[in-house]
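Read the numbers this way: they start at 1 and go in the same order the structure lists the ligands and their atoms.
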Amino acid sequence: MIQIPKGCKDVLPAQAHEWQYIEDVARKTAASYAFKEIRTPVFEHTELFSRGVGDTTDIVNKEMYTFLDKGGRSVTLRPEGTAGVARAFIEHGLMGGVLPFKSYYLISAFRYERPQAGRLREFHQFGCELYGAAGAEADAEVISLADAFLKNLGLKKVELRINSIGCKHCRARYHEALKAYFTPHLAEMCEDCKARFAKNPMRMLDCKVEGCKKIAAGAPRMLDYLCEDCTAHFERVKALLTSAGVTFTVDPSIVRGLDYYSRTVFEFVSDAAGAQGTVLGGGRYDTLLEQMDSKPVPAAGFAAGMERLLLVMAAEGCLPKEEGGVSVYLAGMDAASREKSFLLAGQLRAQGISCETDLMERSVKAQFKYADKTGARYIIVLGERELQEGEVEVKDLRGGTAERVKLEEIVTYFKNKEE
Ligand code: ATP
Ligand code: MG
């Protein structure tokens with residue numbers, strides 16, 4: 001039998017409500033901050049990611065699903081959402097439109113990783129992008145949107161960690177300090193870290209190998225090297241968050257996995273997600289658009305991993321319960337009453353009332369069982385007598401009560417109940 005590819009997951013109908021809930025909360029929270037949805041392709045030219053995400057990152061170095069299409073062009077399944085949004089923003093000349101540009105996306109993303117709990121090859125993200133605003137208010141808005149999203153999901157134990165990784169100016173000095181620190185340890189570090197040392201030593205702070213982590217723990221901190229402007233920016237972000245009631249801790253170890261970050265970086269972490277503790281990550285990336293041949297446009301944003309959120313929500317007990325079944329189940333007895341059920345069902349559905357009729361040629365008893373099992377709210381049995389009398393009994397399966405209703409008044413009867 002052909003099975004699902006490794007690292008992918010099916011969402012079966014019994015779980016769909018959990019996804020719909022989390023997507024609904026995401027959309028509503030984004031809308032409350034006036035962010036609008038953007039949809040970009042699942043695949044892009046490979047170059048977009050090697051340039052946009054950066055060729056010193058794990059994503060570009062080892063995780064991309066890249067292939068040649070039939071025309072011989074190299075394309076890649078998006079490993080994240082930001083690069084595609086930035087491309088669309090530039091391509092459609094949106095920097096000439098209303099700024100700031102605020103958008104959100106709900107997407108699937110693809111990374112060739114070793115599958116584990118909370119780490120898949122096809123996974124899903126909710127992300128926000130805010131372009132055009134350089135001030136600390138934009139960082140604070142994006143972080144507070146992320147915080148509101150998690151709170152609206154009912155999560156209480158997810159913690160916000162923030163840091164500043166400075167700008168190109170102060171980071172140059174910091175890179176030197178890092179290199180001086182790592183040089184005597186370099187021989188004991190992993191091959192990836194040796195490559196990072198040459199290309200981007202800050203990335204060594206993000207290594208997941210135990211030995212490297214221990215060494216990195218003693219490294220100099222970016223916060224001690226921030227220039228005056230970067231310090232002032234970070235202080236303002238912290239002050240705004242504090243006044244908005246967003247609790248955080250400053251964590252100098254956060255550097256984020258992508259090349260394009262500058263100044264503010266942040267992560268929301270939870271113990272409940274197991275080894276993959278980060279459920280949401282983001283920051284400011286003022287050089288990204290420039291890196292993609294646009295004129296410089298300041299930018300900030302985040303992405304949350306939906307599968308990890310679901311794990312944390314399960315652990316914190318805030319997953320929603322599945323909603324009940326249809327409102328009305330119409331049980332037919334013989335050919336004529338089944339036909340009438342089918343007709344009535346159509347009229348009810350046209351009024352937005354969900355209803356079902358038998359498609360399995362079941363006995364009335366078996367239809368009752370089915371209606372009960374699937375959580376139908378009301379059941380109506382139609383037979384020869386009901387058709388003759390032009391009246392049916394509407395049984396409330398939850399309340400246990402019953403009412404007699406004229407056939408021609410059924411639709412109005414349920415419409416009134418809805419109100
Ligand atoms: P990690 O350090 O765990 O690999 P990352 O830095 O690569 O994460 P980002 O690129 O910042 O992750 O993606 C944002 C969020 O998307 C992460 O915080 C996480 O919740 C989620 N995410 C990233 N990779 C995966 C994956 N392979 N499977 C499931 N979720 C993921
Ligand atoms: Mg990763």
Side-chain angles (χ1 to χ4, degrees), residues 5-9 11 19 22 26 49 52-54 56-65 76-86 104-129 142-143 145-147 149-150 153 155 158-163 165 192 196 200 202-209 212-213 216 251 253-261 264-285 288 299-315:
K6 203 173 152 187
C8 298
K9 270 196 177 153
V11 177
W19 284 84
I22 197 170
F49 302 114
V53 178
T56 70
T57 60
D58 281 354
I59 293 181
V60 172
N61 281 331
K62 40 190 180 191
E63 296 172 358
M64 294 211 298
Y65 275 92
T76 295
L77 301 183
R78 63 179 166 217
E80 51 96 62
T82 296
V85 176
Y104 75 89
Y105 55 79
L106 281 161
I107 59 167
S108 52
F110 306 84
R111 297 185 194 177
Y112 193 78
E113 301 208 64
R114 197 166 64 79
Q116 303 155 57
R119 191 174 292 285
L120 293 125
R121 290 183 174 173
E122 183 194 25
F123 64 102
H124 296 78
Q125 289 186 330
F126 162 54
C128 285
E129 304 285 332
V142 159
I143 295 173
L145 198 172
D147 185 65
F149 167 57
L150 300 172
L153 287 174
L155 292 166
V158 180
E159 286 172 20
L160 169 59
R161 312 247 168 96
I162 65 170
N163 188 27
I165 56 168
D192 283 343
R196 290 170 185 139
N200 187 351
M202 206 165 64
R203 183 107 316 116
M204 296 168 84
L205 303 176
D206 207 19
C207 186
K208 288 173 179 108
V209 175
C212 299
K213 267 193 188 169
D251 180 348
S253 74
I254 290 178
V255 293
R256 306 289 306 131
L258 310 182
D259 269 0
Y260 48 57
Y261 284 97
T264 315
V265 287
F266 61 92
E267 291 185 354
F268 284 84
V269 297
S270 166
D271 292 341
Q276 321 313 329
T278 306
V279 294
L280 185 155
R284 174 167 281 287
Y285 24 93
L288 171 67
F302 69 79
M306 305 287 251
E307 284 81 358
R308 287 188 201 175
L309 277 174
L310 287 169
L311 287 176
V312 176
M313 287 170 71

Show your working on ring pair (Phe, Tyr, Trp, His ring centres under 6.0 Å) between Phe149 and Phe126 and close with a plain yes or no.
CA-CA 10 Å; Phe149 167 57; Phe126 162 54; 4.7 Å; yes
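- An N or O contact shorter than 3.5 Å links Thr278 to ligand 1 by distance.
- Residue contact check for ligand 1: Lys208 places a non-hydrogen atom closer than 4.0 Å to it.
- Residue Ile59 places no N or O, backbone or side chain, under 3.5 Å from any N or O of ligand 1.
- Which parts of ligand 1 touch Leu120 is read off a 4.0 Å heavy-atom cut-off, strictly below it: atoms 26 (C), 27 (N), 28 (N), 29 (C).
- The Val279 neighbourhood of ligand 1 comprises atoms 18 (O), 20 (O), with distances under 4.0 Å to a heavy atom of that residue.
- A salt bridge does not link Lys208 to Asp58: none of the charged side-chain nitrogens sits closer than 4.0 Å to a carboxylate oxygen.
- In Asp58, neither the side chain nor the backbone holds a heavy atom less than 4.0 Å from any atom of ligand 1.
- Assignment of Arg111 to the shell around ligand 1 is supported, since a heavy atom sits closer than 4.0 Å.
- No donor-acceptor pair closer than 3.5 Å links the side chain of Arg196 to the backbone N or O of Met202.
- The residue among Gly305, Gly7, Ala109, Gly118 with a heavy atom at the shortest distance from atom 29 (C) of ligand 1 is Gly118.
- With respect to Phe49, the side chain to side chain contact (heavy atoms under 4.5 Å, CB included) criterion is satisfied by exactly one of Thr57, Thr82, Leu77, Thr76: Thr76.
- Using a 4.0 Å cut-off between heavy atoms, Gln125 contacts ligand 1 through its side chain alone, with no backbone atom that close.
- Taking distance alone, with nitrogen or oxygen atoms compared against 3.5 Å, Phe123 stays at or beyond that limit from ligand 1.
- Applying the side chain to side chain donor-acceptor pair (under 3.5 Å) criterion to Ser108, with sequence neighbours excluded, gives no partner residue.
- Ligand 1 lies less than 4.0 angstrom from a heavy atom belonging to Arg119.
- Remark: Leu280 CG to Gln125 CD distance equals 9.5 Å, nearest 0.5 Å.
- Checked for salt-bridge contact, Arg161 and Glu159 meet the test: a charged N lies under 4.0 Å from a carboxylate O.
- Look at Asp192 and Lys62 and you find a salt bridge, because one of the NZ, NE, NH1 or NH2 atoms lies within 4.0 Å of a carboxylate O, short of that distance.
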